[in-house]
Amino acid sequence: MKKRFYTLIILFTILGIVQAENGYDLWLRYKKIDNKILLQSYQNKNGNILFPAVSESMNAAKKELTLGLEGLLGLELKETSNVENNTLIVGTVESSNIISKLSFADEIIFLDKDGYIIRSATYQGKAITVIAAKTDIGVIYGVFHYLRLMQTHQSLDKIAIKEEPKLQYRVLNHWDNLNGTIERGYAGYSLWDWERLPMYKDPRLIDYARANASVGINGAILNNVNANAKSLRTEWLVKASGLATAFRPYGIRVYLTARFSAPKELGGLPTADPANPRVRQWWKDKVAEIYSLIPDFGGFILKANSEGQPGPQDYGRTHADGANMIGEALEPYGGVVFWRAFVYHNERHIDRVTNGYNEFKPLDGKFNKNVFVQPKNGPIDFQPREPFHPLFGQMPNTPLAIEFQITQENLGHSGHLVYLGALFEETLQSDTYANGKGSTISNVLQNYKKTHGISGIAGVSNIGTDINWTGHLFGQANWHAFGRLAWNPDLSSKKMSEEWVRMTFSNDVDVIKPIQKMMLMSREAVVNYEMPLGLNHIMNYDTHNGPEPWHDDPVWTAYDYHKITKDSIGVNRTKNGSDAVGQYHEPLCNKFNNLETCPETLLLWFHRLSWNYKLSSGKTLWNGIVDHYYEGVDQVRQMQVIWNSLEKRIDQERFEHIKALMKIQESEAVWWRDACLLFFQSYSGMPIPAEYEQPKYSLEYYKRIPFPYDWDNTLFFNKK
Ligand code: GCW
């Protein structure tokens, strides 16, 4: 008997070790709490539950709580009708009699519509815990937070949490095409199964909605900003309504991209001129149709007059003319427009960095009240590091929504571990000085709620059909971080990384610390091995993966971004140059303009310097650049060592997945380093110090190798 028992134990242990996790469950794994004391105390607090649920959203919240309690505590959700000691009470003032009688019922009523309170309290002498919200959606958010407390091993005693989102519109931008591919997506195909929608709703859609709601995301822009007018045809709208139905219980509204020329392409009109009454009517009718199918439709996003997309400028009108026409059509229904400020034309430019500001700043205050202007975080295009977009702080009369990119278009795709929490935080905490010191981008964004009644943030999604959603498992951390920051843009990336590691891997400090260390060093690593010291836009011109600082053709040349010669490198954006510095508020303008005060991290972004320029370290610019590239590769190698040391602590499948990807990252970091340095060296003529690991291949080799994931690149074959 005893022997059989031990055999079973051994078998379970082995199974436990090899039992793989494929990452599908994201940070909502709800694995049983392994700390006995905690488990016991959590079980005590969750033995009796009062959770009257009538609406779809409440039922979704209850389902989540059930799932969480089963997984984390091995408990069935036991409903009680009496309040006993240690009862958990969940609901709103309307749904729960008890909540309506609590001393803080008023506080609940005055919460933001998405806000919630989780509090330890007493009711008729009994100790209770309350998860209460103003709306049913708030209850979902509260339940996710409550589960997170247990997932991250926090105490359930004396809880006093009051949460309200600091931004209202927290949306994911999917760059999904109607044929199922995803522009700049590296995790498989689109989750939207257009062929079988709306009849068939893949259960995965619910998991998508759960994941988003768990971090507070409340909008999904379904399709690519490089828009296809077809998505506005009735049959596609019916399909989109299927997605809206699936997401609705979780508080996620759907949005669509609108192709500016749709009145011509779909409506058969001769023009899409926003001044034309028939065009305006077409949009009104289209919007009415959409709301008849999707009553809580969120609105539209538009990319207009940029990279070949049609827009109001085609008719001599402004961005405001175009945006307001669409805004007016949406207004009666409460919809909004995200009008992108990522504008540049596929032609040689004087300084692309200045484009967005130049086009939009003069339009400040000219937009309808339901229109967001949406710049990217930086003025070029999702580079590993950019200064913040100068429109932030310079458009006080127009609500701006910020656009981050979660998918790693220029940061190694889904082959590299790059924790973007650090990048997001850096931007959000940048001081614009718009209203004196402390006017961080986070504050600027939040303030629009007070001044304009709306505030928002968008993230270009990194999600696809890959089993683990994001291709690289650590891409999940970027989705998570984006959502958490959308809810509260002042959260620290360090804190969020810890939370994510606890929920994704383990609450054991010996696992948390090393993984967190990797994550926190990964952003600087990618800057170092791809584009240090303010260098930018030297990636492969087509795939945007891998280096191509030598690319030079009449419309797209990396030379515009590094301007390399045998004497110097960098772009003069000072007052004597393109004056991009002039787009920033003082004291930033002067700070960036002066070499002494310009942060070294942005040096070559704003300044053009000789190879012998002395950096603060006393090294020459050339040696400094070399050091950064080498440091980047070293950092990746350190990350590899850290990861490999965790072999016994992580389930095998996820361990091997990341181990293999770290190898790719290491080899591609070397590729970036060697290709860029050899290219720069062909101008500077300066040596890579002999004691450094020397490039294995020649510059010619790097110019000729094909780019990964792009084997049929015709350009490559032509180049051969
Ligand atoms: O950087 C570019 C991307 C395009 C993208 C564009 C944009 C959707 O390479 O793929 O198009 O940005 O943000 O509009």
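Basis for what follows: all heavy atoms, side chains included, without hydrogens, waters or symmetry-related copies. Every number for a ligand or one of its atoms is a count from 1 in the order of the listing.
Of all atoms in ligand 1, listed by their number and element, those nearer than 4.0 Å to a heavy atom of Val225 are 8 (C), 14 (O). Less than 4.0 angstrom separates some heavy atom of Phe342 from each of these atoms of ligand 1: 6 (C), 7 (C), 12 (O), 13 (O), 14 (O).
Residue contacts with ligand 1: Asp381 is placed with a nitrogen or oxygen under 3.5 Å of a nitrogen or oxygen of the ligand (distance criterion only). Taking distance alone, with nitrogen or oxygen atoms compared against 3.5 Å, Asn224 stays at or beyond that limit from ligand 1. When only interatomic distances are considered, the shortest N/O to N/O separation between Glu403 and ligand 1 does not fall below 3.5 Å.
Counting only non-hydrogen atoms, the option in Glu409, Lys303, Gln405 that gets closest to atom 3 (C) of ligand 1 is Glu409. Taking all heavy atoms of Ile380, Asn410, Asn226 into account, the minimum distance to atom 8 (C) of ligand 1 is reached by Asn226.
Contact annotation: the side chain of Leu256 approaches that of Leu237 to within less than 4.5 Å [non-hydrogen atoms, C-beta and beyond]. Side-chain contact check for Ile454 versus Lys449: every heavy-atom pair is 4.5 Å or farther apart. Asn462 has its side chain out of reach of Gln408: every pair of non-hydrogen atoms, C-beta onward, lies at least 4.5 Å apart.
Tyr208 has its ring centre less than 6.0 Å from the ring centre of His174.
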Would you sort out whether Asn536 and Gln383 count as a side-chain hydrogen bond (donor to acceptor under 3.5 Å, both in side chains), showing the intermediate values? CA-CA 6 Å; Asn536 65 88; Gln383 301 298 294; 6.0 Å; no

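Residues Arg573 and Asp579 are not paired through a salt bridge, judged by the lack of any N-O separation under 4.0 Å between the basic side chain and the carboxylate. Ion pairing between Glu235 and Lys239 fails under the 4.0 Å rule for side-chain N and carboxylate O.
Scanning the protein for heavy atoms near atom 6 (C) of ligand 1, the closest one is Glu307 OE1, 3.2 Å. Closest to atom 10 (O) of ligand 1 among all protein heavy atoms lies Glu183 OE2, 2.4 Å. Of the protein's non-hydrogen atoms, Lys376 NZ, 3.1 Å is the one closest to atom 12 (O) of ligand 1.
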